[in-house]
Structure formats: C-alpha cells, structure tokens
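Structure first, then comments.
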Amino acid sequence: MQHLPRITHELLNLKLSPAQIEAFQIYAEELMVWNERINLTAITEPEAIEVRHFADSLSCLLVMRSRMTGRRVVDVGTGAGFPGLPLKIACPGIDLTLVEATGKKVLFLQHMVEVLNLEGVTLINERAEVLGQMSEHREAYDWVLARAVAPMPTLAEYLLPLCKVGGHCLAQKGESAHQEVTGAQEAIRLLGGRLVQLTPVELPTVAETRYLVDIEKVAATPPRYPRRPGIPAKRPL
Ligand code: SAH
C-alpha cells in the first residue's frame, strides 16, 4: 500500500492505522488472485487498485461523514465489494449489507469477510429489484450506495426503495454525472427522492473527475416500485 495512506490523508484527512493498511494489502492480493479465476475487475495493477478501487470507494466519506444519520449502509451491485468493503475497513462501526446478483462474486465477498475477520457484514445474493419489495429491506437503510451499476433512472429505481425516509442514496458517477442526473430528475421525484448535490472528486493519476451524486429520500416510494427484475433497465422511468 504505497499510495493509499497518503491519498486518504490528503483527500479525506483520514489516517489509516497499520492494521487497516494491512487489511487493504490483503484485499488487493486476494482480488488479484481470484481475478485469475473469476472475472471481478478489469483493474489489476496494484497501484490502480489502490487508487481506482480503494481510494475511489473511500471518497464516499466526503459526503457520508458530513451527515449525522444512522449507520445502516447497503451497497447495491457491489461486485468485488466496491465501494462497501473499503468503507467497512475504514469505518468498522458501520452495519454493512452487500448486494450482488452474481453468485461467484458473492463467493469472493464471503472469502474476504472471512479472511479479514469482519463483523457486521451481511452478504445477499439477490437482485436489487427483489430486495426492494421485501419488507425487511424496503426503506430500511440510512445510506444506499452504488458504483458503476446502471444509468441514473434505472439506478434510482434500484436504490430509492431501499432507503429510509430521511436517509440518503449516494451514486458514484463519472463525467456524465450532470447529464445523467438531469435526465433522471422525474424518476428521482417519482420514487420519493430529492437531489441534494453533486460533489466532484479528483483522484491522483486519474484524469477524469468523479462525482458523488447525493439524493435525499424525502417521501415514501410508491408500492409499485421497484418493478419486476429487468424492467427498470428495460423501461427506465
Ligand atoms: N460496484 C462494483 C461493481 C460494478 S459492476 C464496482 O464499482 O466495482 C456492476 C455489478 O452490479 C455487477 O457485479 C452486477 O452483477 C451487479 N448488478 C447489476 N444489476 C444488478 C441488480 N439489479 N441487482 C443486483 N446486482 C446487480
């Protein structure tokens, strides 16, 4: 971990402990080993893993820590654990649920939870559309996170049903963020959301600006949303 401690310090004023740096080291090694067997990520260089996976995931804290809401966090379409698992390593107090539709990726997540000895992490091998209609998950989370899962109107239908009224959804987006949000305004409103702001994030060695899209849940989501699996992507609101 040659870069991550410096980046988190400069970007977030966050000082990682030796144990946390060790956890990130193990995470990077396991990711590289497992990636040879199952397709987890296109980013395989150690330095790129530190910046584009770990630091990028931790950048969510720029928005999350400025709001004193609860600690139930869900990461939807987490893949190899991003952004949820780095956040759990940096902030062990959060109660984290990782949702992922692909079973093989969940096996990797299970392995990481065991290797890193993490407590307070729940893994769910299910689609977001199914979870959003289950009473124990619907409107149950203070923070609903996603990175690189779907275009904004589809993503809003995955995320907002899971969020408590008064909680927040946080979508990590690239250069298209403003355009995507403009196109999703009606979907966000319909699902009970209100756009708070877009926070730009500059990561060292990454040319593009990244954006954190913060959406507050201000009203209950109508019961018919999310629609059946596949429909939010096929017929976005
Ligand atoms: N968030 C991770 C992975 C992005 S790839 C990262 O940024 O690295 C998108 C992931 O979302 C894939 O693993 C895919 O299986 C999952 N996914 C896509 N649609 C989903 C849905 N409706 N419900 C749950 N998982 C979904």
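None of the values given here were measured: they were computed from a predicted structure. Each ligand, and each atom within it, is numbered from 1 in the order the structure gives. Residue numbers run from 1 in the order of the sequence given. Keep in mind that the numbers below use all heavy atoms, side chains included, and drop hydrogens, waters and symmetry copies.
Which of R147, Q172, E100 comes nearest to atom 14 (C) of ligand 1 through a heavy atom is settled by distance: it is E100. Comparing A128, P226, G132 by heavy-atom distance to atom 21 (C) of ligand 1, the nearest is A128.
With Q133 contributing its side chain and P223 its backbone, the two residues share a donor-acceptor pair below 3.5 Å. Within the 3.5 Å criterion, the main-chain N or O of L191 finds a donor-acceptor partner in the side chain of T221. No side-chain donor-acceptor contact under 3.5 Å links R147 to the backbone of V76.
Protein heavy atom nearest atom 22 (N) of ligand 1, with residue, atom name and distance: E129 OE1, 2.9 Å. Counting protein heavy atoms only, atom 25 (N) of ligand 1 is closest to A101 N, 3.4 Å. From the protein, the heavy atom lying nearest to atom 19 (N) of ligand 1 is V149 CG1, 4.1 Å. Among all protein heavy atoms, the one lying closest to atom 9 (C) of ligand 1 is A148 O, 3.4 Å. When hydrogens are left out, the protein atom nearest atom 10 (C) of ligand 1 is G77 O, 3.5 Å; that is the closest non-hydrogen contact.
If you look at T41 next to ligand 1, there are no close heavy atoms at all, none under 4.0 Å.
For a threshold of 3.5 Å applied to N or O pairs, the pair formed by F82 and ligand 1 contains at least one separation below that value.
Residues T209 and E175 have side chains that never bring a donor and an acceptor to within less than 3.5 angstrom of each other.
Distances from ligand 1 to the non-hydrogen atoms of E126 include at least one value under 4.0 Å.
If you run salt bridge (charged side-chain N to carboxylate O under 4.0 Å, His left out) between E216 and each of R194, R189, K164, only R194 comes through.
A parallel orientation is assigned to the rings of Y27 and F24, their planes being inclined by less than 30° (bins at 30° and 60°). Taking the six-membered ring where the residue is Trp, H53 and F82 present parallel rings, their angle staying beneath 30° rather than reaching 60°.
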